[in-house]
**Student:** 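After the structure tokens below, expect a handful of questions from me.
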Protein chains: 2
Amino acid sequence: MVDPTLDLPAALRARGLRMTPQRQLILEAITSLSGHISADAVHRRVVEQFPNVNISTVYRTLEVLQDLGVVNHTHFHDGVAQYHLASEGLHQHLVCRECGSARELDVRVVQPLAETLKQEYGFEADIAHFAIVGLCAGCSHKGGQTSHSHGA
Amino acid sequence: MVDPTLDLPAALRARGLRMTPQRQLILEAITSLSGHISADAVHRRVVEQFPNVNISTVYRTLEVLQDLGVVNHTHFHDGVAQYHLASEGLHQHLVCRECGSARELDVRVVQPLAETLKQEYGFEADIAHFAIVGLCAGCSHKGGQTSHSHGA
DNA sequence: ATTCATGCAAATACTTTGCATCAGC
DNA sequence: GCTGATGCAAAGTATTTGCATGAAT
């Protein structure tokens, strides 16, 4: 797969799709970030300069960028999709259910589990597509461990 | 915690709450099952016999049952909450993104990862609160491995 | 009688879709 | 000019909430 970050117009054209200002803006919003960003956040950024770009265009563009392999998304604790550049590679996220903070993690940490699941259950886990949710160090110090019924 | 499955009225009374036919029905819908069930599915079951029980009552009751420690819920691949009896103990779910099938798993399988996260990142993972999503053995045989951009 | 629980409708958040218009190519 | 892309509004799904009425204790 050619790195489409460098030549989005060409990547689009190869599929009979077109380059537009909206698509450029949306990609820039993601590129300008090191981490992850929700569709809504992308929209807010774009709207700052072009107030009439619609949220549905953002969703449709994100889908196209995904199909092209330019971006990927991961689901956080609240189920909201978070987008990031595919070129940044696979990484796992640890998301805190209390403060919502997310920290990246090398996929190697979860590789052993993935191996086990594959070996013993024939199950091909989507390693990075869903975050690992729990309590971060900061929040668990405040006594969050045993308070919630679903804290298991 | 007293096992409230056996005496829900008492467990409720101890908190100044009341027993109602609706609450009984909803608990029965979950108890009659070995596995997990969504709020919507609980509602459909209850409505078969009592058509005027409202979905919001189901949600409110499920919350109460959770607070009492009678049930717990887990989020599946689509983010939908799946409820199950707390008395069945902690278990992890492997959910297939293709066919939606869910299989239970002893939490012991993910314990090593949980230990690592705790040790190295101080992160207290919610082991059973979110399912592990991926492709089940059946679906990955059909060639699902490399087709999706987010299949990572 | 008091206070909690319910039904109903409306609101929420995220995402998708139908459709007429517009704009890349 | 052909066909894909956009804006807008509306729909869809899962869940929550306000409020008046109704029922358990």
Side-chain angles (χ1 to χ4, degrees), chain A residues 7-27 29 36-44 46-47 49-68 71 73-83 100 129-131 150, chain B residues 7-27 36-44 46-47 49-68 71 73-83 95 100 129-131 150:
Chain A
D7 196 353
L8 183 55
L12 287 167
R13 215 174 312 125
R15 297 238 199 154
L17 305 176
R18 296 164 186 170
M19 189 57 183
T20 66
Q22 287 92 335
R23 286 179 175 173
Q24 187 181 326
L25 280 163
I26 290 163
L27 179 55
H36 42 76
I37 183 169
S38 70
D40 191 60
V42 168
H43 183 232
R44 282 199 305 273
V46 171
V47 162
Q49 308 182 55
F50 300 82
N52 50 336
V53 173
N54 196 270
I55 183 78
S56 64
T57 299
V58 173
Y59 277 105
R60 283 189 277 229
T61 297
L62 289 172
E63 205 184 334
V64 169
L65 291 177
Q66 249 177 230
D67 286 349
L68 293 175
V71 307
H73 75 267
T74 297
H75 293 281
F76 276 21
H77 65 311
D78 49 6
V80 176
Q82 300 285 336
Y83 295 81
H129 193 54
F130 291 84
H150 63 281
Chain B
D7 197 354
L8 183 55
L12 287 167
R13 216 175 309 125
R15 297 239 200 152
L17 306 176
R18 297 164 187 170
M19 190 55 183
T20 67
Q22 288 92 333
R23 287 178 173 174
Q24 186 181 326
L25 280 163
I26 290 163
L27 178 55
H36 42 78
I37 184 170
S38 70
D40 190 60
V42 169
H43 183 232
R44 282 199 306 272
V46 171
V47 163
Q49 306 180 56
F50 299 84
N52 50 336
V53 172
N54 197 271
I55 183 77
S56 64
T57 299
V58 173
Y59 276 105
R60 284 189 276 229
T61 296
L62 289 172
E63 205 184 334
V64 169
L65 291 177
Q66 249 177 229
D67 285 349
L68 293 176
V71 307
H73 75 268
T74 297
H75 294 281
F76 276 22
H77 64 313
D78 49 7
V80 175
Q82 300 284 337
Y83 295 82
V95 179
H129 194 55
F130 290 85
H150 64 280

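Proteins come first, then strands; the chains are lettered A, B, ... in the order of their sequence lines, and each starts at number 1. These figures come from a predicted structure and were not determined experimentally.
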**Student:** Rounded to whole angstrom units, what separation is found between the CG atom of A:Leu17 and the P atom of C:dC25?
**Tutor:**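 Taking CG of A:Leu17 and P of C:dC25, I get 11 Å after rounding.
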**Student:** Judged by each residue's nearest nucleotide on DNA chain D, which is more toward the 5′ side, B:Thr20 or B:Ser56?
**Tutor:**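 Mapping each residue to its closest nucleotide by heavy atoms, the 5'-most match is B:Ser56.
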**Student:** Would you kindly give the CG-to-P distance between A:Asp78 and D:dT15, to the nearest whole Å?
**Tutor:**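 Rounded to the whole Å, the gap is 13 Å.
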**Student:** Whole angstrom is fine here: how far is it from CG in A:Leu12 over to P in C:dA23?
**Tutor:**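 To the nearest whole Å, that distance equals 19 Å.
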**Student:** Nearest to the A:Pro21 side chain among C:dG24, D:dA14, C:dC14, which nucleotide is it?
**Tutor:**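 Looking only at side-chain atoms, A:Pro21 lies closest to C:dG24.
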**Student:** Between C:dC14 atom P and A:Gln82 atom CD, what is the distance in whole Å?
**Tutor:**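 Going from A:Gln82 (CD) to C:dC14 (P), I get 10 Å.
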**Student:** Distance from A:His73 atom NE2 to A:His129 atom NE2, nearest 0.5 Å?
**Tutor:**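 With rounding to 0.5 Å, NE2 (A:His73) is 3.5 Å from NE2 (A:His129).
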**Student:** On DNA chain D, nearest-nucleotide positions of B:Glu63 versus B:Met19: which is more 5'?
**Tutor:**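 Comparing both residues, the 5'-ward one is B:Glu63.
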**Student:** Return the nearest nucleotide to the side chain of B:Val53; candidates are C:dT2, C:dG7, D:dA14.
**Tutor:**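 For the B:Val53 side chain, the nearest candidate turns out to be C:dG7.
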**Student:** Rounded to whole Å, how long is the line connecting atom CD1 of B:Ile55 with atom P of C:dA5?
**Tutor:**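 Result: 18 Å.
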**Student:** Going from CG on A:Leu62 to NE2 on A:His43, what distance comes out if it is rounded to the nearest 0.5 angstrom?
**Tutor:**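 Between atom CG of A:Leu62 and atom NE2 of A:His43 there are 11.5 Å.
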**Student:** So what does B:Asn52 hit on the nucleic acid, given a heavy-atom distance under 4.0 Å: a base, only sugar-phosphate, or nothing?
**Tutor:**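 Since only primed, P, OP1 and OP2 atoms lie under 4.0 Å of B:Asn52, the category is sugar-phosphate.
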**Student:** What is the distance from CG of B:Asn54 to C1' of D:dG22, rounded to the nearest Å?
**Tutor:**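 Between C1' of D:dG22 and CG of B:Asn54: 14 Å.
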**Student:** Under a plain distance cut-off of 3.5 Å, with no hydrogens placed, do B:Asn54 and B:Ser56 share a side-chain donor-acceptor pair?
**Tutor:**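 Yes, because at least one side-chain N or O of B:Ser56 sits under 3.5 Å from a partner of the opposite role on B:Asn54.
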**Student:** Give the rounded distance in Å between these two atoms: CZ of B:Arg13 and P of C:dT2.
**Tutor:**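 Checked: the CZ to P distance equals 22 Å.
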**Student:** Do you know which two heavy atoms are closest between A:Val58 and A:Ala39, and how far apart they sit?
**Tutor:**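 For A:Val58 versus A:Ala39, the nearest heavy atoms are CG1-O, 3.7 Å.
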**Student:** Does B:Gln22 have a side-chain nitrogen or oxygen under 4.0 Å from the phosphate oxygens OP1 or OP2 of C:dG7?
**Tutor:**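 B:Gln22 to C:dG7 OP1/OP2: side-chain N or O found under 4.0 Å.
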**Student:** Return the nearest nucleotide to the side chain of B:Tyr59; candidates are D:dG7, C:dT15, D:dT15.
**Tutor:**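 Taking heavy atoms from C-beta onward, the closest nucleotide is D:dT15.
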**Student:** B:His73 has an atom NE2; how far is it from atom P of D:dT15, in whole Å?
**Tutor:**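 To the nearest whole Å, that distance equals 8 Å.
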**Student:** side-chain contact (heavy atoms from CB on, under 4.5 Å) for A:Arg15 and A:Val64? Distances and angles first, verdict last.
**Tutor:** CA-CA 10 Å; A:Arg15 297 238 199 154; A:Val64 169; over 6 Å; no
**Student:** Going by modelled atom types, is there a donor-acceptor pair between the base of C:dG7 and the side chain of B:Arg60 at under 3.5 Å?
**Tutor:**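 Result: at least one qualifying N/O pair found.
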**Student:** Looking at the base of C:dC25, is there any donor atom on it, or on the side chain of A:Arg18, that sits under 3.5 Å from an acceptor on the other one?
**Tutor:**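 No.
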